[in-house]
Amino acid sequence: MKMSQLFVQTLREFPSDAEVMSHKLLVRAGYIRKLTSGVYNYLPLMWRVLRKVENIVREEMDATGAQELLMPFVQPEELWKESGRWEVYGKELMRLKDRHDRGMCLGPTHEEVITFVAREGIRSYKQLPVNLYQIQSKFRDEIRPRFGLLRGREFIMKDAYSFDTSQEGLERSYKVMADAYTKIFNRCGLETKAVQSDSGAIGGAVSHEYMVLIDDKDNNAGENDVFYCKKCGYAANSNHAVSNLPDAVIDGGFSECRKVDTPNTVTIEQVADFLGVPATVICKSMIYIADKKPVMALIRGDKQFEETKVANAIGAIEIRSASPAELEEIFGAGKGFIGPKDLKDIPVIADLTVKELKNFVIGANENDKHFVGVNWGVDLSQPEFADIRLVEKGEFCPDCGEPLFVTKGIEVGNIFQLGTKYSEKMHAVYVDENGKEKPFIMGCYGIGISRTAAAAVERHHDEFGIKWPISIAPYHVIVVPVNVNDEKQVTVANQIYKELLSKGVEAVIDDRDERAGVKFKDSELIGFPFRITAGKTVEEGLVEFKIRETGEVLKITPDEAIQRVVDAVSQIK
Ligand code: ATP
Ligand code: MG
């Protein structure tokens, strides 16, 4: 490809709306252009990268015996009603009507459609197990599309679905996918950690997310907190992580239950200071609006709630904290003074940390007042207890007791053991050895193709531009004649370029009549893994060979330069 003809326009500046490096660089280097919020044109360079990621995914999926198909992007409402998700999926599901007023949606994921495909196509246990996958655009009307391809509204996903006849079979299929995922991301130049996660709207009991860890404090592209143990390997998304706590004071030491004045003590610290007790003997109360109804959640004063866990514990789909106005309306008391005593008609869910509290402190549902010396079963009836606590740094591994560490992560893949969640609801069954109908036992497995490419940029760049891993680079090498009016330089560059092409290398030649500085800048920004420059040294039979990843520069012969690129390309697999 001649640079003069390549459809690419690099920009002098980073786009003003971009917050993270992959977004900034992919726009500036001419890979993507925004069409509308969260929706991007994948320009030719980007499309080459995406196709490479797709092909790695395809090769590894095919190697497991999974079979590729393609399902429609537009899906009928009826299937979503059968699964029960039409009502619960929320606003991310882009719903529309056809000309006959029939409800449709743009596919955010395809559990319903694949269950339909299996219901139509699989009759007997003899056809199982089977794993079907597709690579396709998805649409989710994300509340906050941002970070370019990392969180778009339209994005490309690989989604696979396994069908088994037993839990053991599902676990085998799951393990095969887990191994394939590690290989896929490694081949894309990404080290990942498989972490336990919440199953969210997809459902099922067991799931793991594949996280690209982002340790850099200044890089906020990692939207997830990952807790992990260096000793035993425990790793979990914060929405799912559990931990053991250090010992703490849990007896408030009050001799009786009574109401006391606590003027202007809105925060836990203020109550603790005022009463002269540690925060650990205060029971923090919070009102959530869960599926439009208020619920009270309780936790020890020094701990925080984890909203996903709260939602799971009460079986809610949508959850948010109540506004000050809602608190006033429900309790007649403001933030800081609400509590679980004498509540009417409001369900209570309490974290395990409050179960052990004795003679503790709660809000009195009256401004500027608290109850002290409260005990479960005496002053308050026992609520339902569950783990709804956010794990924090410094707490201990639930498996081995060592300290937990926390880091940020980008979720590039997610695998789920669904079980019969969809097959039962949608009556998707096969006939077993005894002639009995049984629902399929399903798993589902997603990879964000476009997010993976963007995550590779997050991991591989410097202040000058992208440093593509060679396996997913749009081209392997750029050949730069420094001066296109110098016959010798042009001849050598052309020879190298042709030789590279004849050896199956994906090469670009920068034939533009531009200053060397401009060509070098563009080559670094676009991120070609190698650059071969034909400059003044061609007189001595040498070219400059630059390795983008390390910045290393060598003066070598054209043949050596070609050989190095050929060798690197041959090692891609
Ligand atoms: P997130 O928690 O980041 O919103 P998710 O858990 O809802 O993602 P899944 O349903 O697990 O996403 O989808 C499978 C994969 O698709 C994800 O692991 C991710 O790589 C990718 N993906 C999901 N949402 C987006 C998005 N808005 N933009 C780009 N890729 C996405
Ligand atoms: Mg996920």
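Note that ligands are numbered from 1 as they come in the structure, with each ligand's atoms numbered from 1 the same way. Along the sequence shown, the residues carry numbers beginning at 1. Computed from a predicted structure; not experimentally measured.
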Leu149 neighbourhood, listing ligand 1 atoms whose heavy-atom distance to it stays under 4.0 Å: 29 (C)
Which residue and heavy atom of the protein sit nearest atom 28 (N) of ligand 1, plus the separation: Gly152 N, 3.1 Å
Atoms of protein origin (N, O or S) under 2.8 Å from the Mg ion (ligand 2): Glu411 OE2, Asn414 OD1
Charged N-O contact under 4.0 Å between Glu59 and Arg187: yes
Numbered atoms and elements of ligand 1 in range of Gly413, under 4.0 angstrom, heavy atoms: 18 (O)
Closest protein heavy atom (residue, atom, distance) for atom 5 (P) of ligand 1: Arg140 NH1, 3.7 Å
Numbered atoms and elements of ligand 1 in range of Val412, under 4.0 angstrom, heavy atoms: 18 (O), 20 (O)
Within reach of ligand 1, part of Leu150 (heavy-atom separation under 4.0 Å): backbone
Donor + acceptor pair across side chains of Asp522, Thr10 (<3.5 Å): yes
Sub-3.5 Å N/O-N/O distance, Asn414 and ligand 1: yes
Atom 21 (C) of ligand 1 - nearest protein heavy atom and its distance: Gly448 CA, 3.6 Å
Of the listed options Arg151, Glu411, Arg451, closest to atom 25 (C) of ligand 1 (non-hydrogen atoms): Arg451
Parallel, tilted or perpendicular: rings of Phe163 and Phe440 (30°, 60°): perpendicular
Donor-acceptor pair between Ser523 and Arg548 side chains, under 3.5 angstrom: no
For atom 24 (N) of ligand 1, closest protein heavy-atom neighbour: Phe155 CZ, 3.5 Å
Lys138, portion touching ligand 1 at heavy-atom distance under 4.0 Å: neither
